[in-house]
S.K.: 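Questions regarding the structure given below will be posed in turn.
Throughout, a chain's letter reflects where its sequence line sits, starting with A, and its residues are numbered from 1.
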Protein chains: 2
Amino acid sequence: MSPRRSAAEARSTRERIIRRSVDVASLEGLEGLTIGRLAEDLGLSKSGLLGHFGSKEVLQLATLERASVIFNNEVWAPAADARPGLDRLHAVCAAWISYLERGVFPGGCLFVSSTFEYDGRGGPVRALLRRQFAVWRRRLAADVRTAVRRGELPAGSDPEQLVFELSGVMMSLNHALQLHGDSAAVVRARRAVHRLLDAACRPDGRPPSA
Amino acid sequence: MSPRRSAAEARSTRERIIRRSVDVASLEGLEGLTIGRLAEDLGLSKSGLLGHFGSKEVLQLATLERASVIFNNEVWAPAADARPGLDRLHAVCAAWISYLERGVFPGGCLFVSSTFEYDGRGGPVRALLRRQFAVWRRRLAADVRTAVRRGELPAGSDPEQLVFELSGVMMSLNHALQLHGDSAAVVRARRAVHRLLDAACRPDGRPPSA
DNA sequence: ATAGAGTCCGAACGATCGGTCGCTATAGTC
DNA sequence: GACTATAGCGACCGATCGTTCGGACTCTAT
């Protein structure tokens with residue numbers, strides 16, 4: 001029936017599996033991912049699909065790695081060229097909001113859903129999630145520190161605090177979009193980011209460009 | 001082996017099931033709840049357990065209803081006696097943070113986890129979640145409006161905006177506690193709430209008590 | 001004493017889960 | 001052209017899923 005694939009095509013098959021897996025996982029969760037349904041969707045047999053990974057857990061890890069690439073392309077890459085510091089923080093947040101608004105992952109940010117799915121368990125999946133979040137947090141905090149050094153943010157700013165609050169804005173946006181379909185939340189998120197990053201709210205009332 | 005329960009004991013059995021179900025669901029998710037394991041944990045048979053509900057979906061709904069009662073007891077009740085307006089908002093947020101910090105649900109706030117589990121699907125479970133969140137949001141927004149009317153918050157404040165940002169803080173806290181076990185996030189959450197509710201950051205620089 | 005309602009069990013159901021095994025057909029290598 | 005590696009298939013495994021059913025049992029009401 002279906003012709004055997006060449007070695008060159010095999011990589012593209014793996015591609016197809018992972019791409020689909022990311023979408024399904026964002027909708028049904030990393031655990032809701034089932035080999036059988038995934039294989040059926042792609043016109044493969046279960047064993048043929050599993051042969052590319054060896055186990056479901058490896059597939060889950062590959063899915064998260066791939067989601068990380070997508071996230072970086074969508075959120076970090078568009079901002080990477082901005083000037084490090086406050087400019088880039090603004091650019092990242094704009095890209096972040098856009099990424100959620102456009103529904104890059106159809107079921108919402110895969111990292112957020114996966115976190116709340118795996119936070120109560122152990123295992124490699126949770127460990128990978130922790131690493132990925134840590135990397136992202138560190139990256140944002142670095143730009144906050146740069147902004148502070150430049151005087152674009154007040155000297156007393158706690159980088160971890162700001163990252164904590166920005167993450168909260170994005171989670172709240174993800175929540176509002178996915179559960180309520182409330183597109184008004186997008187402007188609320190922008191306002192919140194503005195309030196967190198901009199001068200309106202400095203303790204000394206000084207504009208950040210000083 | 002196990003003695004048959006009287007009619008009077010039946011209610012307490014249902015109680016035991018739901019109580020356990022809430023804990024398991026917060027750790028494994030509402031879908032990860034399985035009749036078999038739940039029955040085994042409680043020393044019941046699967047059919048005996050299911051007899052109290054009829055289907056897994058009914059059990060899930062009962063679990064959410066119960067979680068709502070717990071949430072209200074832990075977060076709303078301690079603040080209910082405070083003066084409506086800014087005072088009560090502060091009290092609610094303090095109770096909310098404490099509720100997350102103490103791990104009332106061992107796997108983190110059940111509503112947050114359930115949301116991200118069911119936001120991609122339809123069905124009565126998601127519908128119930130939407131209603132519960134809407135009620136909570138409306139309750140908070142009402143106190144924001146009272147605070148604005150009283151002049152405790154600036155006149156231009158958008159209630160939905162504030163509720164959106166407060167929710168974000170709590171989700172970020174839940175995330176930090178559950179995934180990273182980062183207890184420092186508790187003070188970050190307090191700082192964030194302070195910044196959202198207190199005077200330090202008014203557009204007109206006026207203290208809220210004016 | 002007796003009938004009925006309700007609680008719970010044990011066995012079984014079809015379905016589906018992740019995973020294994022042996023096989024065929026092809027691509028690339030020599 | 002023979003050899004090796006591997007992509008993919010089909011059949012199958014044991015486990016577990018939610019659910020159903022009949023019956024044993026306890027209580028309450030009459």
S.K.: Would you kindly give the CD-to-P distance between A:E15 and D:dA7, to the nearest whole Å?
M.R.: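 These atoms are roughly 15 Å apart.
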S.K.: Just say parallel, tilted or perpendicular for the rings of A:F116 and B:F116, cut-offs at 30° and 60°.
M.R.: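 Ring orientation, 0 to 90° scale: parallel.
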S.K.: May I have the distance from A:L49 (atom CG) to D:dG8 (atom C1'), rounded to whole angstrom?
M.R.: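 Distance check: A:L49 CG to D:dG8 C1' gives 11 Å.
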S.K.: CG of A:L38 versus C1' of C:dC17: gap in Å, rounded?
M.R.: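 The answer, rounded to whole Å, is 14 Å.
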S.K.: Among B:V22, B:L44, B:L50, B:T63, find the residue that satisfies the side chain to side chain contact (heavy atoms under 4.5 Å, CB included) test when tested with B:I17.
M.R.: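 Option passing the side chain to side chain contact (heavy atoms under 4.5 Å, CB included) with B:I17: B:L44.
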S.K.: If I take atom CG in residue A:L42 and atom P in nucleotide D:dA7, what distance separates them, rounded to the nearest angstrom?
M.R.: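 Roughly 16 Å, once rounded to whole Å.
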S.K.: In whole angstrom, give the distance that lies between atom CD of A:E40 and atom P of C:dT16.
M.R.: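 Roughly 9 Å, once rounded to whole Å.
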S.K.: To the nearest Å, give me how far apart CD (B:Q60) and P (D:dC17) are.
M.R.: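 Distance check: B:Q60 CD to D:dC17 P gives 14 Å.
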S.K.: Quick one: do the B:D119 and A:H175 side chains pair a donor with an acceptor below 3.5 Å?
M.R.: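 Not at all, the side chains of B:D119 and A:H175 share no donor-acceptor pair under 3.5 Å.
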S.K.: Could you list all N or O pairs between the protein and nucleotides 18-20 of chain D that sit under 3.5 Å apart?
M.R.:
from, atom 1, to, atom 2, distance (Å)
D:dG18, OP1, B:L33, O, 3.2
D:dG18, OP1, B:K56, NZ, 2.8
D:dG18, OP2, B:I35, N, 3.0
D:dG18, N7, B:K46, NZ, 3.1
D:dG18, O6, B:K46, NZ, 3.2
D:dT19, OP2, B:K56, N, 2.6
D:dT19, O4, B:K46, NZ, 3.4

S.K.: Would you say the ring centers of A:W136 and A:F71 fall short of 6.0 Å from each other?
M.R.: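 Aromatic pair counts; centres sit under 6.0 Å.
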S.K.: How many whole angstroms separate atom CZ of B:F53 from atom P of C:dG6?
M.R.: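 Checked: the CZ to P distance equals 17 Å.
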S.K.: Could you list the donor-acceptor pairs under 3.5 angstrom formed by side chains in residues 177-185 of chain A, with sequence neighbours left out?
M.R.:
from, atom 1, to, atom 2, distance (Å)
A:D182, OD1, A:A184, N, 3.1
A:D182, OD2, A:R188, NH1, 3.2

S.K.: Taking only side-chain N and O atoms of B:H52, does any of them lie within less than 4.0 angstrom of OP1 or OP2 on C:dC8?
M.R.: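 The answer is yes; a side-chain N or O of B:H52 sits under 4.0 Å from OP1 or OP2.
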S.K.: Hey, could you give me each pair passing salt bridge (Lys or Arg N to Asp or Glu O under 4.0 Å) that has a residue in residues 163-181 of chain B? Not counting sequence neighbours.
M.R.: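 The answer is A:R195-B:E165.
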